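A short worksheet on the structure shown next.
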Amino acid sequence: MKLVQQRSKKSGLSPGTVIHIGEQRAEAVKITLFNYAGTRCEERVVTNLDEIRLPADGTVMWVDVGGVHKVDVLEAFGKQFILHPLLLEDIANTDQRPKLDDYETYFFLVMKMLTTTNRGDILVEQVSSVLGYNYVLSFQENGTDAFHSVRERLRGGKGRLRQSGSDYLLYALVDGVVDQYFAVLEALGEKIELLQEGVMADPKPDTLKDIHALKRQLLFVRRAVWSLREATNSLSRSDCPFLHEPTKVFFRDVYDHVVQVVDTIETLREMVSASLDIYLSSVSYRLNAVMRVLTVITTIFMPLSFIASIYGMNFEYMPELGWEWGYPFILGIMGVLAAGMLIGFRQRKWL
Amino acid sequence: MKLVQQRSKKSGLSPGTVIHIGEQRAEAVKITLFNYAGTRCEERVVTNLDEIRLPADGTVMWVDVGGVHKVDVLEAFGKQFILHPLLLEDIANTDQRPKLDDYETYFFLVMKMLTTTNRGDILVEQVSSVLGYNYVLSFQENGTDAFHSVRERLRGGKGRLRQSGSDYLLYALVDGVVDQYFAVLEALGEKIELLQEGVMADPKPDTLKDIHALKRQLLFVRRAVWSLREATNSLSRSDCPFLHEPTKVFFRDVYDHVVQVVDTIETLREMVSASLDIYLSSVSYRLNAVMRVLTVITTIFMPLSFIASIYGMNFEYMPELGWEWGYPFILGIMGVLAAGMLIGFRQRKWL
Amino acid sequence: MKLVQQRSKKSGLSPGTVIHIGEQRAEAVKITLFNYAGTRCEERVVTNLDEIRLPADGTVMWVDVGGVHKVDVLEAFGKQFILHPLLLEDIANTDQRPKLDDYETYFFLVMKMLTTTNRGDILVEQVSSVLGYNYVLSFQENGTDAFHSVRERLRGGKGRLRQSGSDYLLYALVDGVVDQYFAVLEALGEKIELLQEGVMADPKPDTLKDIHALKRQLLFVRRAVWSLREATNSLSRSDCPFLHEPTKVFFRDVYDHVVQVVDTIETLREMVSASLDIYLSSVSYRLNAVMRVLTVITTIFMPLSFIASIYGMNFEYMPELGWEWGYPFILGIMGVLAAGMLIGFRQRKWL
Amino acid sequence: MKLVQQRSKKSGLSPGTVIHIGEQRAEAVKITLFNYAGTRCEERVVTNLDEIRLPADGTVMWVDVGGVHKVDVLEAFGKQFILHPLLLEDIANTDQRPKLDDYETYFFLVMKMLTTTNRGDILVEQVSSVLGYNYVLSFQENGTDAFHSVRERLRGGKGRLRQSGSDYLLYALVDGVVDQYFAVLEALGEKIELLQEGVMADPKPDTLKDIHALKRQLLFVRRAVWSLREATNSLSRSDCPFLHEPTKVFFRDVYDHVVQVVDTIETLREMVSASLDIYLSSVSYRLNAVMRVLTVITTIFMPLSFIASIYGMNFEYMPELGWEWGYPFILGIMGVLAAGMLIGFRQRKWL
Amino acid sequence: MKLVQQRSKKSGLSPGTVIHIGEQRAEAVKITLFNYAGTRCEERVVTNLDEIRLPADGTVMWVDVGGVHKVDVLEAFGKQFILHPLLLEDIANTDQRPKLDDYETYFFLVMKMLTTTNRGDILVEQVSSVLGYNYVLSFQENGTDAFHSVRERLRGGKGRLRQSGSDYLLYALVDGVVDQYFAVLEALGEKIELLQEGVMADPKPDTLKDIHALKRQLLFVRRAVWSLREATNSLSRSDCPFLHEPTKVFFRDVYDHVVQVVDTIETLREMVSASLDIYLSSVSYRLNAVMRVLTVITTIFMPLSFIASIYGMNFEYMPELGWEWGYPFILGIMGVLAAGMLIGFRQRKWL
């Protein structure tokens with residue numbers, strides 16, 4: 001999770017130039033094609049891009065592209081589906097914020113998929129999709145199989161998926177991405193609960209690092225989700241002809257989910273801020289406690305030592321030194337003094 | 001009160017799949033049916049769902065369902081009243097935010113009911129309702145009898161309830177839920193007053209825990225109430241035919257109440273924040289007081305002890321040691337020194 | 001000034017039930033009636049509610065009710081003027097926020113009157129008014145004579161009051177309430193100026209209590225005023241037939257005043273927050289000063305005492321002890337050491 | 001700069017009563033009249049108000065009034081130009097916020113002029129203007145000659161001023177006031193730069209006072225400027241017939257300047273806040289440094305003194321005391337101990 | 001980067017007076033002229049302003065002016081292209097905020113170009129452009145060749161540039177400026193990452209200075225970018241005839257970039273704020289650690305020294321002094337005491 005992606009290599013290039021911005025990758029791009037309508041469902045791995053042709057028979061086509069680091073593949077799609085150069089540029093540049101662009105004959109939607117690694121890190125992956133009237137193109141930054149469950153549902157033929165148009169397919173993809181957010185938030189929520197317990201019990205510098213790391217993760221998650229709210233809201237209100245009324249109800253539902261995700265992120269952020277407050281308060285309270293101990297010790301032993309040092313002076317004429325009961329008498333005075341101060345401290349509740 | 005509900009078990013399922021998300025429960029679902037109009041009022045406990053039929057005789061029907069953990073019950077309702085699958089999914093998933101969805105032939109309203117336990121905890125329970133032109137369905141997460149007073153008013157026949165349509169019944173339900181909020185806020189308000197007195201008098205780590213717990217409770221209450229504001233506002237402005245003008249006045253009133261609840265929550269939140277400020281200031285002031293004591297003690301006794309230790313040195317030629325009045329003279333000097341410093345501290349207002 | 005009013009006794013009652021919420025009171029309700037137009041002005045104390053009748057002769061009627069704790073009085077007004085039950089409920093419940101409700105044949109306005117007691121506390125009193133086309137009803141929570149000056153102007157017949165309609169009378173009432181706000185803000189402003197001087201000169205725990213009390217008072221004042229802004233704005237823009245154009249100019253003026261009050265409250269809030277910052281900074285600066293004294297004392301006397309204690313050791317073979325100039329030599333070394341450290345501290349600006 | 005102006009003396013008076021609120025003043029009011037059109041430009045000091053008559057010959061008239069503390073002068077203007085009583089009240093009450101009121105036949109604009117005194121204080125002066133279709137009235141709170149340059153331009157006849165209508169004259173006045181804001185901000189900006197250097201180099205209580213004074217000044221400047229933004233925006237968008245299109249371009253420009261002033265104020269406020277953060281951090285860092293010195297001194301000398309005090313005990317059987325090399329041996333041990341601790345502290349970077 | 005530019009020298013001048021505000025400069029102004037359409041592209045360095053004439057042959061003209069400190073050059077342009085005096089004033093005054101002004105026959109756009117110097121400072125340069133239907137004028141504050149890549153693309157004839165109108169040229173200029181922002185943000189982002197690592201590892205006063213410098217730089221960058229958002233949005237939605245539909249898609253893209261820049265700035269700001277929190281927390285934690293060491297040392301050695309000083313008293317009758325095992329016995333007691341306290345501290349986790 002870098003704060004700012006290295007984007008400057010694009011600087012000075014003609015706009016619309018397709019350049020991959022993101023982690024460097026070398027593996028091949030995997031392209032899967034689905035073609036379905038009602039009971040039919042054809043699935044194919046595409047190796048030659050020329051095979052991809054818009055269906056003319058009322059079926060819906062879904063082309064899922066795993067990897068955006070091959071510029072030539074993207075340009076081939078651009079030619080085949082007559083996509084705007086800026087759109088291709090945005091797909092290749094994985095440093096976009098979520099957004100919905102309306103290109104009249106198709107919609108372009110950018111989302112950020114979030115996954116939690118085993119070590120508790122959060123991975124952000126850009127997922128771009130193009131929605132045409134009878135096709136959906138989806139571009140995943142890495143080959144992570146984000147849409148496994150959608151694929152399964154297509155194959156199984158259960159639910160509405162095969163009965164509906166390309167708009168419902170896009171909904172299914174968006175819903176899959178948003179569902180992942182809840183899993184990520186659950187993981188973060190548990191971490192924060194642990195943190196808060198820890199910060200109460202024993203504040204230490206590591207706690208501070210944890211607080212900071214969580215703050216940063218939440219900041220990243222928020223950036224990834226925030227503007228998807230607007231995008232899904234637009235989808236649920238669009239009056240575009242290939243977004244059907246019944247599907248808009250589903251987009252409204254996914255919009256509700258995104259709103260809830262954003263709400264939860266804000267709550268978690270407040271919780272993390274509260275943890276910092278508790279940390280600081282605990283540390284300053286502990287300082288108080290330490291200083292009280294120091295003060296009590298000093299206040300008790302300084303006068304006692306002073307008395308002892310008086311009778312350690314070597315004056316020739318110090319009558320007390322010659323008294324038979326001088327030593328126990330002085331010890332007794334010290335004892336009384338110490339006891340008096342202990343009682344005083346106890347009354348001030350310092351002990 | 002968990003920060004994030006465990007919702008991930010839905011991940012990857014087809015949208016509209018009805019799955020109970022929330023606390024696991026086993027008891028049976030209690031269904032009560034009311035059928036009323038003017039002087040008539042029939043009340044029945046329903047065991048067989050097929051008994052429930054939309055009234056055809058101008059009466060209003062209210063079906064109150066206690067428990068949403070039985071998926072089959074919800075699906076039966078879905079079939080009987082032709083409810084959208086997403087709506088059923090939302091009823092079963094008790095991690096919704098308050099909202100109003102307009103499904104054209106019916107409204108779907110989600111609220112959060114709040115109750116305070118004897119131990120001062122706040123319980124959140126989801127209450128979903130469906131408002132049709134002559135029926136209201138209400139689904140309570142737990143069997144808590146949230147609508148006891150509405151039932152009593154229906155049985156007694158007093159007030160407008162029996163004379164009005166389904167919209168007024170929904171209002172009565174919403175009003176009952178919102179009235180509860182005031183009770184919860186009263187309890188929180190009293191706790192905060194106590195806290196503020198305590199934090200002034202004696203700040204200690206437990207106070208910090210209390211501040212934090214209150215902050216968290218207020219955060220939860222706010223999340224439960226916040227978006228109900230928008231929902232009730234929509235109800236008071238809707239131009240739907242089965243929301244009658246006179247009832248909208250009542251919804252405007254309930255909207256006013258929700259706004260006031262939100263206002264009060266914000267005030268309470270500011271008060272809790274102020275408590276943290278006071279806590280921190282008090283702790284740091286006390287540190288100052290402690291350090292002053294330490295400094296005064298050290299400043300007085302260090303020079304005295306130093307003088308005593310000088311005359312404890314064993315040099316053979318120290319003329320003072322042989323003087324007859326050396327000892328009382330030195331004691332006198334110490335006394336003058338101590339008195340002088342005490343006066344100095346008093347002038348600086350350190351004592 | 002309680003944080004949350006006890007409202008829960010209404011819980012479960014039928015909406016529109018008129019119940020007094022607020023301080024318990026027993027005295028009688030004083031009702032004064034004015035009837036005026038141009039040169040005429042009749043004034044009467046009403047004891048029998050049946051006497052009150054809407055004027056049919058083009059005069060304006062003002063009924064001022066002192067006290068809202070008698071439910072039967074309110075209900076009598078409800079019948080006489082055909083007022084909505086929710087409106088009566090709101091009058092009796094003194095825990096409303098300022099608001100303007102448009103009931104088509106009349107407006108309902110809730111305001112909060114603020115007064116400062118001699119002891120510097122701020123009293124909040126609810127003032128509700130109903131504006132009909134030829135009458136104004138005003139309900140004051142306590143018998144405080146809030147509208148004394150309006151009454152005097154009516155009696156004297158100076159100004160526009162007697163020449164104008166009921167809308168201008170309402171304006172006069174609102175203007176009277178808003179004028180009071182400035183007096184309250186002046187008092188608060190002076191307190192804050194004093195506080196800021198005090199916090200600079202001598203921060204002590206009492207200052208913290210004062211800061212907190214002011215913060216709380218400002219919070220209450222803000223709640224009392226905030227939503228009146230919207231209400232007066234609505235009045236100045238309403239297209240209701242019995243709000244005349246010339247009077248709207250006056251309502252715009254009163255709206256300006258409310259905006260200014262809100263502005264001033266925000267400024268005062270920032271000032272109080274700044275006081276807390278100064279308090280904290282001063283306390284921590286003083287801690288620094290105290291610690292410097294402690295450190296200087298310790299740093300000077302610890303080495304000196306150490307040297308003295310070396311020559312207090314009882315070794316048989318310590319050649320220095322036998323030197324004739326040993327004692328003055330050691331005293332000299334101590335003096336040089338002390339002087340050196342004093343110079344060092346002065347150079348570091350610690351003294 | 002008082003937090004809240006004393007406005008309560010108006011309390012209870014009939015609205016529209018013209019009462020001077022502001023600093024008490026006694027000197028006479030100076031009234032200057034300009035009458036110009038194209039090449040003509042007549043200038044006169046007015047002593048008798050009856051001389052002022054609306055020009056009937058296509059010329060533009062500007063009456064500049066220096067001082068608003070003479071109520072009779074204002075009322076004479078009110079009669080002559082048929083001004084609304086509320087408008088006169090607002091001119092006399094110098095505690096207004098900037099605003100634009102549209103009275104249909106004329107506009108009323110309130111601005112706050114800011115000037116810096118030699119001692120660095122900021123003076124706020126209220127400037128009200130009335131714009132009619134062929135006249136402008138301007139009322140300055142004090143006799144400060146705020147519009148000197150406008151007068152000069154009128155006399156010189158350069159620029160558009162004499163060729164344009166009353167709207168352009170108003171623009172010239174507003175532009176003159178807004179130009180002053182930049183000078184004030186420059187002065188404040190320089191003070192803040194100095195402050196930030198000072199706070200880094202040597203944080204002391206005076207710095208805190210400076211921070212606080214600047215915060216307060218910025219708060220006042222913001223209040224004086226903030227709502228002028230809205231007022232100038234309204235002027236640049238008004239569709240009033242005597243505001244000509246070409247002049248609106250100029251008002252848009254002055255609006256731009258006001259926006260920039262507000263922007264700069266916000267930046268300066270953030271800078272002052274940052275200064276407080278730096279102050280606090282520096283103070284707490286210095287505390288750390290002081291405490292380290294204290295701890296190092298204590299940690300080194302306490303064990304050494306302890307060792308010395310052991311050999312100062314008077315036990316009869318302490319073999320070490322009799323050893324010939326006992327004294328140098330113990331001195332050596334002390335030296336080694338001290339050196340070891342110094343190395344340890346250096347490794348922990350405490351020295 | 002000064003907080004406030006010195007603008008006061010304009011005070012009192014007639015509006016529309018063109019005066020250079022910014023760094024004083026003396027070098028000549030370099031003017032480059034491009035004239036292109038499709039395959040043609042003529043490039044010329046202009047020395048005589050009269051040479052510049054609007055193209056009448058369907059070509060597009062771009063005049064790039066390097067330097068705005070020569071008032072006569074600007075005025076010559078004003079005459080040639082009939083530009084509004086306020087526009088010329090804005091070009092010469094380099095203290096503008098980004099904005100778009102619509103002068104009907106041309107647009108006026110002000111941007112701020114940002115560049116990072118080798119030493120890590122950020123330079124702000126004002127770039128103003130005028131877009132007419134077949135020409136673009138660009139004015140750069142300094143001679144920095146900001147538009148090098150655009151020039152290259154024009155010369156090369158690649159991309160859409162030569163095929164499109166003046167609107168696309170403006171887009172290319174804006175895009176070039178915005179691309180630079182990403183480079184600046186990258187540099188800032190790396191600095192902040194370094195800062196955060198440093199603040200965790202070793203907080204020192206220099207860190208505080210770095211935090212403050214970054215805060216300030218971000219504030220400046222935000223001011224430079226913030227209102228460009230609105231300006232580019234207006235361009236992408238304008239219905240002006242010489243802004244063609246296809247070009248608006250590109251302006252929408254550049255608007256997206258600006259939004260992303262603003263987003264990133266906010267994230268970076270939060271990161272810097274977080275650094276300050278970490279700094280403060282670390283410092284206060286370290287204080288705790290230091291104080292613990294002090295307290296442990298004091299608590300262990302004060303009682304031990306006290307015991308030793310007791311047996312250093314010179315009473316004649318102190319039986320312990322005569323015991324043969326008195327000395328080792330007392331040493332043993334001291335050892336046990338020290339060990340006990342060490343164990344106690346370890347249990348409290350102070351060591």
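Everything numeric here is computed off the predicted structure, so don't read it as measured data. Throughout, protein chains are lettered first and strands after them, A, B, ... in sequence-line order, and every chain is numbered starting at 1.
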If I measure from the heavy atoms of chain E, does [X] come under 4.5 Å with its side chain, its backbone, both, or neither?
{"X": "A:Leu276", "answer": "side chain"}
{"X": "A:Met313", "answer": "backbone"}
{"X": "A:Thr298", "answer": "both"}
{"X": "A:Trp323", "answer": "backbone"}
{"X": "A:Leu287", "answer": "both"}

Would you call [X] and [Y] a salt bridge, taking side-chain N to carboxylate O under 4.0 Å as the test?
{"X": "E:Asp256", "Y": "A:Lys99", "value": "yes"}
{"X": "E:Glu270", "Y": "A:Arg269", "value": "yes"}
{"X": "E:Glu197", "Y": "A:Lys209", "value": "no"}

Among the listed options [options], the residue most often paired with chain E at heavy-atom distances under 4.5 Å:
{"options": "A:Tyr279, A:Phe306, A:Trp325", "answer": "A:Tyr279"}
{"options": "A:Ser284, A:Pro85, A:Gly322, A:Ser227", "answer": "A:Gly322"}
{"options": "A:Ile211, A:Leu331, A:Ile300, A:Asn314", "answer": "A:Asn314"}

Identify which part of [X] has an atom lying under 4.5 Å from any heavy atom of chain A, answering side chain, backbone, both or neither.
{"X": "E:Val296", "result": "neither"}
{"X": "E:Asn288", "result": "both"}
{"X": "E:Phe250", "result": "both"}
{"X": "E:Phe301", "result": "neither"}
{"X": "E:Ser282", "result": "both"}

Quiz item: Looking at E:Met291 and A:Val290, what are the two nearest heavy atoms and their distance?
Solution: O-CG1, 3.8 Å
With the side chain counted from C-beta on, respond yes when [X] and [Y] share a heavy-atom pair under 4.5 Å apart, and no when they do not.
{"X": "E:Met271", "Y": "A:Leu219", "value": "yes"}
{"X": "A:Arg222", "Y": "E:Thr267", "value": "no"}
{"X": "E:Met318", "Y": "A:Pro328", "value": "no"}

Practice problem: Check whether any side-chain N or O of E:Asp253 sits under 3.5 Å from a backbone N or O of A:Leu86 as a donor-acceptor pair, and report yes or no. | Solution: no
Practice problem: Please confirm whether E:Arg252 makes a cation-pi placement over A:Tyr103, using NZ or CZ under 6.0 Å from the six-membered ring centre and within 45° of the ring normal. | Solution: yes
Practice problem: Test salt bridge (Lys or Arg N to Asp or Glu O under 4.0 Å) on A:Arg97 and E:Glu266 and set out the steps. | Solution: CA-CA 14 Å; A:Arg97 35 198 291 282; E:Glu266 291 308 310; over 6 Å; no
